[in-house]
Amino acid sequence: QMSRVIVLVDMDCFYAQVEQRDKPSLWGKPVGVLQYSANGQSGLIAVSYEARPFGVKRGMTANQCKELCPDIEICLVPQGEYADKADIQKYRDASAEVFAVLGSIDSRIILEKASVDEAFLDCTAYVESRVTKVREETIQRLLDPACLPTSFIVDGKEDEKDEDETEDEEETVDEEARLKRKNERIEMIRKRKIEEFIEKCRFDDEFLKIALAAEFAERLREKVREKTQFYCSAGVGNNKTMAKLVCAAHKPRKQSFIPPGSEVDVLRNTKVSSVRGLGGKLGRSLTERLGINTMGELYRTPSSVLTATFPDNAPWLMQIARGEDYDKVDSRVLQRNLGVGKNFPGTMAIYTNMNAKFWLNGLTKELRKRMADDKIKHRRLAQKVVVHVTTDVSTSKSVKVGATEEKEGRLFEKLWPVMQSMRKGPGEGWKPPIFNISLSAGRFLEGLPSKENSIIGWVERRTKQLEEMEGKDAVEKLNRDAAAEEKRRLEREEMGEEEGEGEEMEGIFMVDNLDDDDDDDCLIVE
DNA sequence: ATTATAGCGCA
DNA sequence: TGCGCTATA
Ligand SMILES: Nc1ncnc2c1ncn2[C@H]1C[C@H](O)[C@@H](COP(=O)(O)OP(=O)(O)OP(=O)(O)O)O1
Ligand SMILES: [Mg+2]
Ligand SMILES: [Mg+2]
């Protein structure tokens with residue numbers, strides 16, 4: 001089949017950049033983002049590039065990283081409102097800003113949200129439409145050094161000759177000058193390789209399509225930077241696996257692409273564990289059972305051996321080793337489910353009925369807030385909530401269905417019995433002890449009942465105004481304010497009795513009236 | 001390390 | 001469809 005052109009965009013030290021933007025004095029400084037949990041368990045979940053040369057790594061405690069990098073600035077992940085837990089909403093909001101840019105460029109591009117900070121883009125249709133343009137003009141444009149200013153070719157021949165540091169013959173006293181000359185040489189090699197690549201584009205459309213996607217990615221990244229202040233990196237390849245792999249080759253603030261046909265060379269010395277899908281048990285068992293450490297070794301393993309050892313995975317493994325991957329870019333920017341959860345490790349485990357109820361209650365409130373946000377923002381309602389309880393040995397899980405629509409206010413009453421059904425022990429105690437509770441809402445039904453439309457309509461009009469006047473941040477806040485109001489409405493409903501439709505409508509009318517008060521952002525006037 | 005998501009195979 | 005399990009950020 002026709003070859004595809006895939007781009008993977010991944011934000012650089014994403015949460016750290018969010019904190020740097022929040023507090024601009026942190027730009028250019030070593031920054032770590034620390035996730036607390038009052039358990040005393042806490043670790044870094046993001047580390048700025050300035051801190052990485054010190055050896056600071058994700059997972060380290062504040063003390064550990066202070067030892068390696070005394071000047072590191074530690075930022076804390078916000079805490080939840082209802083439960084003593086981390087709340088990463090601010091990073092989701094920042095992610096939404098980035099995706100607004102990614103989705104606004106060209107309607108022919110298929111966009112898949114792969115995580116809070118990365119996206120796959122299928123640019124095939126877009127580049128196909130540009131391959132047909134006058135070739136010489138395109139080539140001249142691409143040859144301009146300003147066209148691919150942060151691009152690197154990755155062909156698997158990197159450590160052949162002068163590419164890496166061949167130490168200077170002469171003894172230099174001036175460390176700075178030495179470094180400068182080294183960088184100049186790296187930049188020279190970079191430019192030469194790009195030129196070689198572009199020259200191939202004259203007669204080879206496969207090369208040209210990659211180059212056009214790289215040009216596109218340069219512009220896209222610049223636009224992300226303009227609109228959000230965040231830097232990112234990108235990888236370009238013929239499939240998701242290669243795009244993702246090559247993105248990591250040059251980071252931060254850079255992008256990389258593979259000359260068509262060099263995939264196997266790029267993979268040759270790649271550790272299996274760094275390939276998407278092989279970072280876990282499968283990759284480990286490749287090493288343990290067949291002694292395979294690199295993708296080159298996997299490539300050379302006879303298919304009979306692979307089939308005998310991994311019958312289910314052998315076909316996929318052989319494709320991936322050849323640099324082939326037929327996984328499609330799935331046009332999807334919204335999450336399929338949303339959840340909250342908390343660990344209770346070791347001695348923090350939950351042993352009592354009361355404690356179980358306490359945490360389920362807090363987590364339910366956090367979930368309900370998320371559901372209210374999602375409802376306003378995406379106009380959809382979760383049809384299913386899953387309660388997951390991890391105990392001693394077996395991780396038990398149970399689900400709960402039921403039209404959650406409009407019943408969010410009674411969520412806890414619904415979930416508590418589900419949770420109790422997982423209790424084995426009688427009386428006050430809870431057996432077996434619980435090490436994790438997580439809740440997740442999903443199976444969304446698109447669209448809202450028409451009775452919802454008043455508040456939605458208000459948000460829509462207000463969104464337009466704010467976008468013009470104040471930008472994306474204000475819009476995110478507006479959505480949350482509206483969700484908060486929605487939540488309060490549900491709480492009133494929960495409190496009490498039948499609760500008149502009148503009061504409800506009144507709240508919304510008041511909101512409606514606010515429309516003309518153009519300087520008032522507040523939704524609630526009670 | 002902790003807290004999120006997504007997707008697969010099986011019954 | 002529910003559940004356990006795997007993989008990833
Ligand atoms: N294991 C984890 N647990 C919790 N949060 C995580 C974990 N891994 C990553 N995150 C969060 C914080 C990261 O800033 C964000 C994006 O992850 P990721 O892209 O892997 O790293 P990064 O963006 O911090 O650095 P890089 O520049 O290497 O991409 O997701
Ligand atoms: Mg990243
Ligand atoms: Mg990432």
Side-chain angles (χ1 to χ4, degrees), chain A residues 8-16 32-47 56-65 76-80 83-92 95 112-120 240-241 244-245 247-248 272-285 311-313 316 327-328 330 332-346 348 363 366-367 370 374 383-391 393-402 418 421-422 435-444:
Chain A
L8 181 276
V9 174
D10 187 297
M11 306 308 293
D12 299 325
C13 55
F14 187 45
Y15 292 9
V33 179
L34 191 72
Q35 189 167 47
Y36 261 117
S37 56
N39 294 344
Q41 313 284 52
S42 65
L44 291 187
I45 56 175
V47 178
V56 178
K57 293 264 179 8
R58 173 149 44 230
M60 283 179 175
T61 64
N63 287 335
Q64 278 176 314
C65 74
L76 302 181
V77 173
Q79 288 291 109
D84 192 1
K85 66 178 291 299
D87 180 351
I88 62 172
Q89 190 58 40
K90 75 184 280 193
Y91 311 108
R92 287 193 195 96
S95 176
E112 174 180 334
K113 179 169 175 124
S115 82
V116 71
D117 93 319
E118 71 200 68
F120 287 104
K240 287 167 123 181
T241 299
K244 167 94 186 138
L245 181 71
C247 175
V272 293
S273 62
S274 40
V275 170
R276 190 176 74 121
L278 294 176
K281 291 193 171 183
L282 181 56
R284 221 168 308 135
S285 57
D312 295 346
N313 303 298
W316 181 81
D327 191 11
K328 284 207 177 67
D330 186 2
R332 178 178 61 76
V333 204
L334 302 190
Q335 311 123 269
R336 295 190 158 122
N337 49 57
L338 50 86
V340 298
K342 183 168 174 66
N343 282 352
F344 307 94
M348 301 299 301
L363 289 170
E366 295 290 341
L367 180 69
R370 294 279 306 282
D374 187 82
Q383 301 291 105
K384 193 179 78 153
V385 173
V386 178
V387 181
H388 188 126
V389 170
T390 305
T391 60
V393 273
S394 68
T395 157
S396 151
K397 188 180 194 174
S398 172
V399 300
K400 177 244 153 218
V401 285
V418 175
S421 74
M422 300 177 208
F435 298 114
N436 170 281
I437 301 174
S438 48
L439 310 178
S440 112
R443 197 168 303 172
F444 290 104

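Side chains included, hydrogens not; waters and symmetry mates left out as well; all remaining heavy atoms used. So you know, we letter chains A, B, ... as the sequences are listed, proteins then strands, and number each from 1. On a predicted model such as this, the values are computed, not experimentally measured, just so you know.
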Determine: side-chain N/O of A/K281 to OP1/OP2 of C/dC5, distance under 4.0 Å, yes or no. no
Atom NZ of A/K90: over 12 foreign heavy atoms under 6.0 Å: yes
Starting at [atom1] of [X] and ending at [atom2] of [N], how long is that distance when rounded to a whole Å?
X	N	atom1	atom2	answer
A/D327	B/dA6	CG	P	14 Å
A/Q41	B/dT3	CD	P	9 Å
A/E118	B/dA4	CD	P	18 Å

Counting heavy atoms from C-beta on, name the nucleotide in [options] closest to the side chain of [X].
X	options	value
A/R92	B/dT5, C/dG2, B/dA6	B/dT5
A/D117	C/dA9, C/dG2, B/dA6	C/dA9
A/K397	B/dA1, C/dT1, C/dC5	C/dC5
A/N343	B/dT2, B/dT5, C/dA9	B/dT2
A/R336	B/dA6, B/dT5, B/dT2	B/dA6

A/G59 near the nucleic acid: base, sugar-phosphate alone, or nothing, with a heavy-atom cut-off under 4.0 Å? base
Is any NZ, NE, NH1 or NH2 atom of the basic residue among A/R92 and A/D374 found under 4.0 Å from an Asp or Glu carboxylate oxygen of the other? no
Flag the pair A/E112 and A/K240 as a salt bridge only when some basic side-chain nitrogen lies within less than 4.0 angstrom of an acidic carboxylate oxygen. yes
Determine whether the side chains of A/T395 and A/H388 contain a donor N or O and an acceptor N or O closer than 3.5 Å. yes
